*Asks:* 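The structure that follows is given in the form of structure tokens.
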Amino acid sequence: MRRCLPAILLAAAALAACDSEPRLHRQQHFVLGTVVTIQAAGVSEERLREGAGAAFRTMRELHQALDPGADDNVLARFNDAPPGRWRPLPEPLAGLLPRALAVRRATDGAFDPTLGRLIGLWGFRSPPFPKAPPARADVRRLVKAGAGRGRIDLRRTQAGLEARMEGEGAALDLGGVAKGYALDRAAAVLRDHGITDALIDAGGDLRALGQRGERRWRVGIRQPRGESALAVVELKPGEAIVTSGDYERSFHHEGRRYHHLLDPGTGRPARRVRSATVVGPRATEADAWSTALFIAGRDGLERLGGWGGMVVDRAGEPHANGRLRPRLQWQKDGS
Amino acid sequence: MRPLATPWRAMTPADRLVLLLAWAGALASLAWYFQAPTGRRAEVVVDGRVVANLDLRQERDLTVTGAQGTSHIRVRDGAVRFTHSACRAGRCVRSGWLERGGQTAACVPNQVLVRVRGPGPASGGRRFDALNF
């Protein structure tokens with residue numbers, strides 16, 4: 001037996017090397033106006049089906065409440081109230097609006113949740129998108145009337161949180177933060193169902209839970225002008241990564257690209273960068289900060305504080321801040 | 001105790017056979033791991049319901065009706081793709097051929113999704129688990 005020991009030890013080591021790939025299961029659903037994919041490691045298919053089903057239901061409820069294209073939902077009722085009047089904030093607005101306003105303050109308005117009427121004027125709410133931009137005079141009129149600069153006050157009463165919005169041109173549109181909020185809520189639902197290692201992909205915006213077996217979840221960051229990956233980053237447990245790009249929700253007119261990321265100062269598509277990526281511990285704020293970073297451009301990288309950030313400028317050159325740069329694995333072949 | 005510095009000479013022929021078999025198994029597993037498996041079947045999902053289960057070894061052209069109209073799906077040479085769909089962006093068609101386990105293409109406006117069954121990341125055998133965009 002002692003003579004077999006070296007062979008047994010070597011064989012055991014060789015076989016152990018083969019046992020590092022976890023079993024993954026995946027669930028997909030059309031929700032939030034995109035395909036949401038949840039993949040999980042270390043759970044049974046049945047448990048993931050249950051947990052993912054609950055997460056999809058939560059996301060669908062959030063979408064129904066906050067869809068800016070709906071005639072009668074929580075958001076529409078808030079926007080229909082006369083300007084300047086205090087109105088109660090039901091969920092999910094009560095949970096989301098204070099966080100959106102906090103990012104608005106931190107970014108000096110580069111992220112702004114009151115662009116609703118402007119987004120409607122541009123026709124970016126849902127496809128098919130228009131073939132030409134709106135008249136400049138119409139855009140200027142809405143900006144002057146408060147679109148993108150609508151004042152919102154919050155107060156807490158015995159009945160709960162209330163809000164007051166001023167500016168005839170202002171209307172809430174939480175499209176720049178709602179998908180991130182839905183990711184965070186979905187992550188909480190999965191945890192409640194005992195799923196601790198998962199990656200939630202809501203049409204390219206992602207939130208990690210735990211890790212993928214022995215390693216962290218790896219995410220490719222897409223080239224703005226291609227389908228391949230520019231770089232790969234490993235997400236820490238709980239982290240989110242969100243990118244805002246001019247290639248989503250866009251149309252071309254007379255050789256120029258018009259996209260949905262409107263500069264609150266001008267009411268027109270921001271043109272400083274092609275894409276802006278933010279990595280951090282919460283998808284809600286990562287979503288809003290990525291919009292703000294897109295508007296602010298490269299200068300915005302220094303204002304992200306503890307969040308990792310990267311922009312791809314108009315020449316296609318990537319620039320990352322000190323938090324994200326050491327974590328990026330650049331992809332030469334993009335696969 | 002016998003030193004481990006020269007284990008090969010210390011082994012019996014049976015020991016050596018066990019060791020060689022173990023290493024051969026390990027190398028075969030690694031080769032299998034790094035070559036992302038090709039899927040044999042694909043599912044077509046419309047509005048959350050699996051409406052077709054495709055054998056990728058059999059040529060087939062399929063038309064399904066989604067929320068906005070029809071989507072055309074083609075199976076050739078072990079792969080599947082959208083060839084046309086009732087959407088303006090056409091991203092589903094540009095996704096091209098899908099052949100590896102886990103690869104997915106979707107026409108979101110028409111609520112039609114094609115995914116290749118089998119193991120593999122959602123990104124379809126690439127060096128990451130998902131693509132951020």
Side-chain angles (χ1 to χ4, degrees), chain A residues 2-21 23-24 26 28-30 33-35 37 39 56 126-129 199 201 203-206 208 212 217-224 227-229 232-234 241-243 245 247-248 275 277 279 329 331 335, chain B residues 1-4 6-8 10-12 14-30 32-33 43 45-48 66-68 87-89 91 94-96 102 104-113 115 119-123 125-133:
Chain A
R2 285 178 62 186
R3 295 183 65 192
C4 291
L5 192 59
I8 291 171
L9 287 174
L10 285 169
L15 289 171
C18 303
D19 193 29
S20 59
E21 183 67 1
R23 181 80 179 154
L24 296 180
R26 189 177 306 121
Q28 291 177 305
H29 202 68
F30 287 102
T34 187
V35 179
T37 303
Q39 48 183 319
F56 292 143
S126 60
F129 301 125
L199 186 65
D201 177 354
D205 295 337
L206 296 114
R212 183 190 188 277
W217 294 102
R218 285 187 195 131
V219 174
I221 302 170
R222 196 184 114 176
Q223 300 262 13
E227 301 290 331
S228 60
V232 171
V233 62
E234 293 194 347
I241 179 167
V242 179
T243 290
Y247 42 85
E248 293 290 297
S275 69
T277 302
V279 180
Q329 303 159 33
Q331 303 294 293
S335 60
Chain B
M1 184 166 175
R2 189 180 295 273
L4 295 180
T6 55
W8 188 256
M11 293 178 195
T12 65
D15 291 340
R16 292 172 186 167
L17 182 64
V18 168
L19 184 60
L20 287 172
L21 286 174
W23 275 107
L27 291 173
S29 300
L30 286 171
W32 177 84
Y33 171 74
E43 291 176 334
V45 182
V46 179
D47 196 19
Q68 294 192 354
C87 60
R88 281 182 56 176
R91 186 174 288 167
R94 288 203 307 276
S95 297
T104 298
C107 177
V108 174
N110 210 27
Q111 305 255 307
V112 177
L113 185 144
R115 62 180 167 223
S123 53
R126 293 176 290 193
R127 291 190 291 267
F128 42 84
D129 303 304
L131 191 63
N132 163 250
F133 55 91

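Every value quoted in this text rests on a predicted model; they were computed, and no experiment measured them. Hydrogens, waters and symmetry mates are skipped; everything else that's a heavy atom, side chains included, is used. Order of the sequence lines sets the chain letters (A, B, ...), proteins ahead of strands, with each chain counted from 1.
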*Asks:* Has the side chain of B:N132 got a donor or acceptor atom that lies under 3.5 Å from a matching backbone atom of A:G220?
*Replies:*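 Side chain of B:N132 to backbone of A:G220: no pair is present.
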
*Asks:* With rounding to the nearest 0.5 angstrom, report the CG to CG distance, A:L206 to B:D129.
*Replies:*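 Atom-to-atom, A:L206:CG and B:D129:CG are 9.5 Å apart.
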
*Asks:* Rounded to the nearest 0.5 Å, what separation is found between the CZ atom of A:F30 and the CG atom of B:D47?
*Replies:*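 With rounding to 0.5 Å, CZ (A:F30) is 8.0 Å from CG (B:D47).
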
*Asks:* With rounding to the nearest 0.5 angstrom, report the CZ to CD distance, B:R115 to A:Q28.
*Replies:*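 Here the rounded value is 5.0 Å.
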
*Asks:* In chain order, what residues pass the side-chain contact (heavy atoms from CB on, under 4.5 Å) check against B:R94, with sequence neighbours excluded?
*Replies:*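 B:R94 satisfies side-chain contact (heavy atoms from CB on, under 4.5 Å) with B:R91 only.
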
*Asks:* Heavy-atom distances under 4.5 Å only: say whether A:F56 touches chain B with side chain, backbone, both or neither.
*Replies:*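 For A:F56, neither part sits under 4.5 Å from chain B.
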
*Asks:* Less than 4.5 Å to any heavy atom of chain B: does that hold for the side chain of A:T277, its backbone, both, or neither?
*Replies:*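 Contact with chain B involves the side chain of A:T277 alone.
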
*Asks:* Nearest 0.5 angstrom please: B:L131 CG to A:E227 CD, how far?
*Replies:*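 It comes to 8.0 Å.
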
*Asks:* Can you find a side-chain donor-acceptor pair between B:R127 and A:Q329 that sits under 3.5 Å?
*Replies:*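 Not at all, the side chains of B:R127 and A:Q329 share no donor-acceptor pair under 3.5 Å.
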
*Asks:* Check whether any side-chain heavy atom of A:Y247 lies under 4.5 Å from a side-chain heavy atom of B:F133, and answer yes or no.
*Replies:*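 A:Y247 vs B:F133: side chains touch.
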
*Asks:* Step by step, work out the side-chain contact (heavy atoms from CB on, under 4.5 Å) result for B:V108 and A:V35.
*Replies:* CA-CA 7 Å; B:V108 174; A:V35 179; 3.9 Å; yes

*Asks:* Side chain, backbone, both or neither: which part of A:I241 has a non-hydrogen atom closer than 4.5 Å to chain B?
*Replies:*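 Interface part for A:I241: both.
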
*Asks:* Tell me, side chain or backbone of A:V242 under 4.5 Å from chain B's heavy atoms, or both, or neither?
*Replies:*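 The answer is the backbone of A:V242.
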
*Asks:* Per the side chain to side chain contact (heavy atoms under 4.5 Å, CB included) rule, which among A:V219, A:V232, A:I221 passes with B:F128?
*Replies:*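 So the option named by the test is A:V232.
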
*Asks:* Is B:V112 in contact with chain A via its backbone, its side chain, both, or neither, using a 4.5 Å heavy-atom distance?
*Replies:*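 Looking at B:V112, just its backbone touches chain A.
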
